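Because the structure is predicted, anything quoted here is derived from the model rather than measured. Numbers restart at 1 for each chain; the letters A, B, ... are given by sequence-line order, proteins then strands.
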Number of protein chains: 2
Amino acid sequence: MRIIGIDPGSLVTGYGVLDTDGRRSTHVESGCIRVKGEELPERLGFIFRQVQEIIARHRPDTMAVEQVFVSRNPSSALKLGQARGAAICAGVEGGLAVAEYTPRSIKQAVVGTGAAAKEQMQHMVTLILELQSTPATDAADALAVALCHAHTHATLSRLPAGFARRGR
Amino acid sequence: MRIIGIDPGSLVTGYGVLDTDGRRSTHVESGCIRVKGEELPERLGFIFRQVQEIIARHRPDTMAVEQVFVSRNPSSALKLGQARGAAICAGVEGGLAVAEYTPRSIKQAVVGTGAAAKEQMQHMVTLILELQSTPATDAADALAVALCHAHTHATLSRLPAGFARRGR
């Protein structure tokens with residue numbers, strides 16, 4: 001299974017593509033989309049098209065995005081929401097199932113504890129995927145949610161059918 | 001010129017299509033998209049596709065959306081942002097220029113004062129477009145932003161070239 005993880009942001013949107021057989025995951029590509037354009041519609045269109053392009057290039061089977069609950073202020077929540085909307089629409093329009101995971105379950109899956117620091121996450125992503133260098137924060141976050149999905153999916157597929165929940 | 005106005009919302013997204021020659025505007029279609037789906041990606045995909053469908057049906061030249069500055073709480077700002085992201089992406093992907101207008105400039109354009117109440121807006125939209133019945137709030141808001149764009153565009157096109165601003 002090939003997974004694309006997305007860490008949406010109005011300035012930088014991280015992405016990470018990996019292959020997984022449920023036990024072992026391999027890094028395919030990751031990076032940061034630095035959002036271009038002066039006006040909002042242009043910027044949202046940019047995110048949409050860049051994600052669409054990565055999907056076209058790597059043809060992942062599924063998309064995973066971090067679920068956001070709160071933000072410090074309404075204005076940044078609105079901006080984040082718009083970027084999320086653009087990125088998720090690119091996934092849905094690309095025919096991908098899109099799964100959301102809470103920050104806590106991502107940390108749990110990658111570091112083993114729901115209270116891990118950002119640096120621990122970056123470190124574990126680098127270790128698990130045997131990367132040559134530590135990826136940038138946004139790319140690492142995107143790889144982390146993809147790893148979480150790989151892990152959750154693998155766990156669910158090993159359970160008898162009756163146990164399968166929606167997996168968040 | 002044919003304009004589609006959009007009033008994005010995570011539960012209901014209003015839309016309004018009108019034709020304008022700069023002086024007189026005629027109602028084409030308006031209504032409310034009641035967002036379906038249990039999960040967020042499904043719901044955002046629904047908004048994206050419904051707006052895409054209205055664009056395909058009426059082939060507007062341009063899209064107008066209300067600009068939002070603040071919201072009471074971060075959680076509703078995030079939800080609104082996601083819906084806006086989906087709707088705006090549908091416009092940009094449909095090849096439309098998307099213009100944003102502040103609530104104040106919409107009221108100014110439709111009612112003549114920036115401090116108008118919702119009911120006044122609904123009333124004026126009904127009058128200006130000679131509608132048989134008062135449209136639902138979300139549809140009226142969508143028609144109002146479309147009317148604002150029609151008005152602003154007409155004003156700008158009557159000004160000498162040097163006067164043309166970005167028009168918000």
Heavy-atom neighbours of A:R57 CZ exceed 12 at 6.0 Å |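 Yes - once you tally the heavy atoms of other residues, nucleotides and ligands closer than 6.0 Å, there are more than 12.
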Kindly indicate whether the side chain of B:R49, heavy atoms from C-beta on, has any atom under 4.5 Å from the side chain of A:E93.
->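 The answer is yes, as the side chains (C-beta and beyond) meet within the 4.5 Å cut-off.
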Hydrophobic clustering (ILVMFWY, side-chain heavy atoms < 4.5 Å, transitive) - are [Y] and [X] grouped together?
X	Y	value
A:V51	A:V17	yes
B:L11	B:I47	no
A:I33	A:V98	yes
A:I3	A:L131	yes
A:F48	A:I6	no

So how far is it from A:Q67 CD to B:L78 CG, rounded to the nearest 0.5 Å?
->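 Those atoms lie 10.0 Å apart.
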Measuring from A:K79:NZ to B:R84:CZ, what's the distance to the nearest 0.5 Å?
->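 A:K79 NZ to B:R84 CZ: 12.0 Å, rounded to 0.5 Å.
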Minimum heavy-atom distance between [X] and [Y], given as atom pair plus value:
X	Y	answer
A:C89	B:L44	SG-O, 3.7 Å
A:V92	B:P41	CG2-O, 3.5 Å
B:P74	A:A77	O-CB, 3.2 Å

Top contributor to chain A interface from B:Q82, B:Q52, B:M63, B:E42 [non-hydrogen pairs under 4.5 Å] |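 Looking at each of B:Q82, B:Q52, B:M63, B:E42 in turn, B:Q82 comes out on top.
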